[in-house]
Number of protein chains: 2
Amino acid sequence: MSIQQLNELYMNIYHQLRFTYQDKLTHQAVRILQTIRMEEKVHVSRIAAALGVSHNTASEHVKRLIQKGYILKQRDAADERKVYLQLTERGTTTVKQHTELDEGKLAVVMQSLSLEDQETIQAGFRLLEKQARKCFSS
Amino acid sequence: MSIQQLNELYMNIYHQLRFTYQDKLTHQAVRILQTIRMEEKVHVSRIAAALGVSHNTASEHVKRLIQKGYILKQRDAADERKVYLQLTERGTTTVKQHTELDEGKLAVVMQSLSLEDQETIQAGFRLLEKQARKCFSS
DNA sequence: CAATTATATCGCAATATACGATATAATTAA
DNA sequence: TTAATTATATCGTATATTGCGATATAATTG
C-alpha cells in the first residue's frame, strides 16, 4: 500500500465520520480555538504567530471569542504582562465539532466490527500517533 | 480503549502530520474545493446546499474559483442547463493541502516503523474506512 | 531610570460573504 | 405549441470579517 493510498483512507475516514452540523463560527475563530486546544499555555503572541497576523489583530480576535464565551483569559504567574487562554465548556464543544470525528458515528462503526478488528484499528492508531509525535512533536 | 481516546488519537495524528504551509484561500473556497473533491458530478446547486447559501451566491463563488484557475465547468450532457465542476491540477494540489496529511511527513513516520507495524496501521485504516463507508455512505 | 516587551484599544480600510432582483436558456407539463 | 418550472449567471447593494498603524498601559529587563 502506498503513502497516497494510506492518505486517501485517512481522508475518507474523516469524510464519512465528521460532524455535519456545525455552528457558524468564523474561519479565524476556528483556527484560534484549535490552537488553544492543541497546545499548552497559549499566549496572545502565539495566536498572532499561528494566524500569521499582527499582535493587535490577534488581541481583537481573542477579545471577541471571550465576549462570545468560547475562551477565558488567565494571567500568567511567570510574567504578569502575559495572559494565556483557556477554552470554556462551550469553546471545547465547538472546537471538537470542527476538528474531530463524530463520536456517535465512530461508536456505530466500531460496534459493528469484531473485537479482533477493533483491536487492529486501535493498535494501528496508537502506533501511528506515537511515532508521529516521536518524529514531529515540537 | 474508549471512543474518546480513539478520537483523540485521530486528532493528534492530524495535528502532527498536517501541512503547515498553506495558500491563502478563503474559507468558503476551501469548502467548495473539498466538496468537489469528495463527491461526483457536483453541480452549482450542490455547492449552494453544501455551503447553506442561495444559488446565486454559490454561482458567484464558483465563478471566482474558475477565474483563479482552481476549477473548471463542464456542461452536463444529461441536462444542459446544469454544469458540473471539476478540480484543475492547481485546485487538486491546493485542496489536498487543506485536507490531507503531508505525505512527506507520513512517509518519514512509516519508514521509521517495522514492516509489521506498518501492516497493522494499514490494516486498521482499511478496516475503519471500509466499515465507515458501509455505515454512512450516501 | 530607560528601554523593551506583552497586551489592549481605537479608527480606518480592504476583502469576504450573502442576497434580492433580473436575465437567459433548457427542460417539463399542459 | 405554449406556459411553467428549473438551473445557472449577472448585477447592485449591504453586512460581516479581517487586518493594520497608531497609541496606551503595565510588567519586565538592562
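Because only heavy atoms are used, hydrogens play no part in the values below, and waters and symmetry mates are left out as well, while side chains stay in. Each chain gets a letter, A, B and so on, in the order its sequence line appears, and its residues count up from 1.
Protein atom CD1 of Ile32(A) is 13 Å distant from nucleotide atom P of dT7(C), rounded to whole Å. Atom NZ of Lys24(B) is separated from atom C1' of dT17(D) by 14 Å (rounded to the nearest Å). Remark: C1' of dT24(C) and CZ of Arg75(B) are 11 Å apart, rounded to the nearest angstrom. Across the protein-nucleic acid pair, His27(A) atom NE2 and dA16(C) atom P stand 11 Å apart, rounded to whole Å. Protein atom NZ of Lys82(A) is 8 Å distant from nucleotide atom C1' of dA6(C), rounded to whole Å. Following rounding to the nearest Å, Gln28(B) (CD) and dT17(D) (P) show an atom-to-atom distance of 12 Å. Summarising the geometry, the separation between CZ on Arg31(B) and P on dT17(C) is reported as 10 Å, rounded to the nearest angstrom. For Asp76(A) and dA27(D), the CG to P distance is 14 Å, given to the nearest whole Å.
The residue Arg64(A) sits close to a base: some heavy atom pair falls under 4.0 Å. Contact annotation for Ser59(A): base contact, defined as any heavy-atom pair under 4.0 Å involving a base atom. Across all strands, Thr26(B) comes closer than 4.0 Å only to sugar-phosphate atoms, never to a base (heavy-atom distances). Residue-level contact check: Ser45(A) touches the backbone only, with heavy atoms under 4.0 Å from sugar-phosphate atoms and none from bases. Using a 4.0 Å heavy-atom criterion, one finds that Val83(B) contacts the sugar-phosphate atoms exclusively.
In terms of position along DNA chain D, the nucleotide closest to His43(B) lies nearer the 5' end than the nucleotide closest to the other residue of the pair His43(B) and Gly52(A). Mapped onto DNA chain D by nearest heavy atom, Tyr84(B) and Ser54(A) fall at different nucleotides, with Tyr84(B) at the one closer to the 5' end.
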Just do the side chain to side chain contact (heavy atoms under 4.5 Å, CB included) check on His98(B) and Thr94(B) with the steps written out, would you? CA-CA 7 Å; His98(B) 284 86; Thr94(B) 300; 4.1 Å; yes
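Taking only side-chain nitrogens and oxygens, Lys73(A) comes nearer than 4.0 Å to OP1 or OP2 of dA8(C). His61(B) has a side-chain polar atom (N or O) that falls below the 4.0 Å cut-off from OP1 or OP2 of dA18(C).
For a distance-only test at 3.5 Å, the side chain of Glu60(B) qualifies as a donor-acceptor partner of the base of dC11(D). Interface remark: the Asn56(A) side chain does not form any donor-acceptor pair with the dG19(D) base, using a distance-only criterion of under 3.5 Å. For dT7(C), its base never sits under 3.5 Å from the side chain of Arg81(A) at any donor and acceptor pair.
From Gln34(B), atom CD reaches atom CE of Met11(A) across 10.0 Å, with rounding to the nearest 0.5 Å.
Between the side chains of His61(A) and Arg64(A), at least one donor N or O sits under 3.5 Å from an acceptor N or O. Of the N and O atoms on the side chains of Arg31(A) and Gln28(A), at least one donor lies less than 3.5 Å from an acceptor on the other residue.
The aromatic rings of Tyr10(B) and Tyr10(A) lie parallel to each other, with less than 30° between the two planes, well short of the 60° mark.
Listed candidates were dA18(C), dA27(D), dT7(C). Nearest to the side chain of Glu80(A) is dA27(D). For His55(A), taking side-chain heavy atoms from C-beta onward, the closest of the listed nucleotides dA8(C), dA18(C), dC20(D) is dA8(C).
Using a 4.5 Å heavy-atom threshold, the side chains of Gln16(A) and Lys105(A) count as separate.
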